Amino acid sequence: MPASPDLILLSPAPLDCSAAVAFVTDPAAGAIDVFLGTTRAERNTAGQELTALDYEAYVDMATNQMRDLATRARAKWPICRLALLHRTGRVAVGEPSVVIAVSTPHRADSFAACKFLIDTLKVEVTIWKKELWHDGGATWVHPKTT
Amino acid sequence: MPASPDLILLSPAPLDCSAAVAFVTDPAAGAIDVFLGTTRAERNTAGQELTALDYEAYVDMATNQMRDLATRARAKWPICRLALLHRTGRVAVGEPSVVIAVSTPHRADSFAACKFLIDTLKVEVTIWKKELWHDGGATWVHPKTT
Amino acid sequence: MIRIHVKLFAILRDAAGKPELTLELPDGATVHAAAVALGEEVPALAEHLPHTGFAVNRTYAGPAQVLVDGDELAAIPPVSGG
Amino acid sequence: MIRIHVKLFAILRDAAGKPELTLELPDGATVHAAAVALGEEVPALAEHLPHTGFAVNRTYAGPAQVLVDGDELAAIPPVSGG
């Protein structure tokens, strides 16, 4: 496989937003958009509070899909640099599970590309989240549209 | 003036994207969008390369306007936290002149609010940029629509 | 006969109590035939299969795709990354 | 007579060679009257005034707004932040 110009990472380590911004910084870019998806505090119908989300991935396939997403975004917008990072494992409330950074010459493209990447990642890439509740309960999140 | 819940800063110091992301991180948020406007390499009609942009502001008014922008964004979207930072002075190629970070429960609102803030800032807030060229020349940027 | 390596994820792995298994299928078997065989082999998966997609060798595959010996067939419940 | 503190920014400051000046205007003078007086006082500004907006005491003001003694009038060329 040819070396990718993009930073694509699916990892159990905490995501480093600064490293993503540094990676996409480019003299040819006038705009950088960065999206972070973070674990939001929730309470379930039993009154339990969410403590974390636990992410599982089909790592080989998901990594290929993330590379393919980057290629599709580059075909649609004039992207200078792109970083697409996703966690596996346990992500506590307030922490990021996904960081996407895109630099482009002009700002409208950075917003559009970043939005495309997160919207498409969420419906295509083989990653699943499980909600971990304060009482030790756990619930897989599987949207009922396959 | 009541204490603002938002981080509003117009400053000659380099902008710290990580601090903005840390500021807007919130347990109630599932999404953070961050926009950075960076100085893009250019060449003018005389063949000179751009070395930096030099930003001047009507500081008192611009700061009030940035606070007002935050208030208007909060009236339109369910914003958890908001940071709006702009440089004054010399911003070299590749460096950010503006950093905007918005956290919201759901992602569409973070993108929309961030886009509103940068679009509106660019047409309303009393800040001006001067292009500094490699040969020492300088050009004020004043879009011809007042 | 062909041997297919099946991988299970998320709620399917929990339901089956294991992350993978091997299926033996007739030559020319399709993804659909493999899904039926999977529900018979592991009855706990049956209720989830209507919501399950499949990938063959790490690429999404439709029900009519023909499997060959040694394929990796992943059973993919609705994804929820991000 | 009223005294108005005028602030000049960006290309206007460079054209005038100074960042501020004081205008003396008749009682009841408007922003428009101040702009005309500014073009007469500093002829180098005249070519820019068609593209110049104004703020009174740090708020955008239309040409008909009446000024009072001690107002801060900012001459605002097209903005280009971001």
Side-chain angles (χ1 to χ4, degrees), chain B residues 1 8-11 15 35-40 53-69 84-89 91 96-100 114-132 137-146, chain D residues 3-23 30-39 42-65 67-68 70-82:
Chain B
M1 190 173 307
I8 305 290
L9 190 66
L10 183 58
S11 159
L15 299 182
F35 177 80
L36 296 88
T38 54
T39 299
R40 185 178 59 243
L53 295 171
D54 194 5
Y55 285 87
E56 171 179 338
Y58 182 10
V59 174
D60 291 350
M61 180 167 169
T63 305
N64 287 349
Q65 289 177 297
M66 289 163 74
R67 283 208 191 88
D68 178 61
L69 276 186
L84 181 47
L85 318 178
H86 203 296
R87 280 289 307 275
T88 56
V91 181
S97 52
V98 57
V99 173
I100 301 174
C114 206
K115 192 164 187 313
F116 164 81
L117 288 165
I118 183 60
D119 287 352
T120 312
L121 180 147
K122 286 177 81 90
V123 296
E124 292 188 4
V125 177
T126 49
I127 301 173
W128 300 270
K129 63 167 73 81
K130 187 162 60 176
E131 296 166 324
L132 304 181
T139 324
W140 282 108
V141 180
H142 290 310
K144 280 291 178 232
T145 52
T146 108
Chain D
R3 290 168 63 93
I4 301 300
H5 306 290
V6 178
K7 295 178 79 88
L8 302 172
F9 293 97
I11 203 167
L12 300 178
R13 180 172 40 71
D14 284 2
K18 56 189 169 188
E20 53 192 28
L21 58 103
T22 300
L23 282 180
T30 61
V31 167
H32 176 70
V36 171
L38 189 60
V42 189
L45 294 179
E47 67 167 302
H48 301 293
L49 291 176
H51 304 291
T52 298
F54 290 91
V56 175
N57 301 330
R58 293 165 294 286
T59 301
Y60 280 119
Q65 183 165 329
L67 297 165
V68 300
D71 273 351
E72 177 173 298
L73 177 72
I76 299 178
V79 300
S80 55

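Please read these numbers as outputs of a predicted model, since none were measured by experiment. Per chain, numbering begins at 1; letters A, B, ... match sequence-line order.
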Excluding sequence neighbours, so at least two apart, what forms side chain to side chain contact (heavy atoms under 4.5 Å, CB included) with Thr120(B)?
Leu69(B), Arg72(B), Phe116(B), Glu124(B)
Quick one: closest heavy-atom pair of Thr126(B) and Val79(D), and the distance?
CA-CG1, 3.8 Å
Given heavy-atom pairs under 4.5 angstrom as the criterion, report whether the side chain, backbone, both or neither of Ala57(B) touches chain D.
backbone
Just grab all the side chain to side chain donor-acceptor pair (under 3.5 Å) pairs involving residues 72-82 of chain D, residues at least two apart or on different chains.
Tyr58(B)-Glu72(D), Arg58(D)-Glu72(D)
Which region of Val141(B), side chain (C-beta onward) or backbone (N, CA, C, O), has a non-hydrogen atom less than 4.5 Å from a non-hydrogen atom of chain D, or is it both or neither?
both
Side chain, backbone, both or neither: which part of Val123(B) has a non-hydrogen atom closer than 4.5 Å to chain D?
backbone
Listed by residue number, which members of residues 12-19 of chain D have a heavy atom under 4.5 Å from any heavy atom of chain B?
Arg13(D), Asp14(D)
If you take all heavy atoms of Ala10(D) and His142(B), which pair is closest and at what distance?
CB-CE1, 3.4 Å
For Lys115(B), does the NZ atom sit with more than 12 other heavy atoms under 6.0 Å from it, leaving out its own atoms?
no
At a heavy-atom separation under 4.5 Å, does Ser97(B) approach chain D through its side chain, its backbone, both, or neither?
side chain
With sequence neighbours left out, the residues meeting ring-ring contact (aromatic ring centres under 6.0 Å, His included) with Phe54(D) are none
Should we count NE2 of His5(D) as having more than 12 external heavy atoms under 6.0 Å?
yes
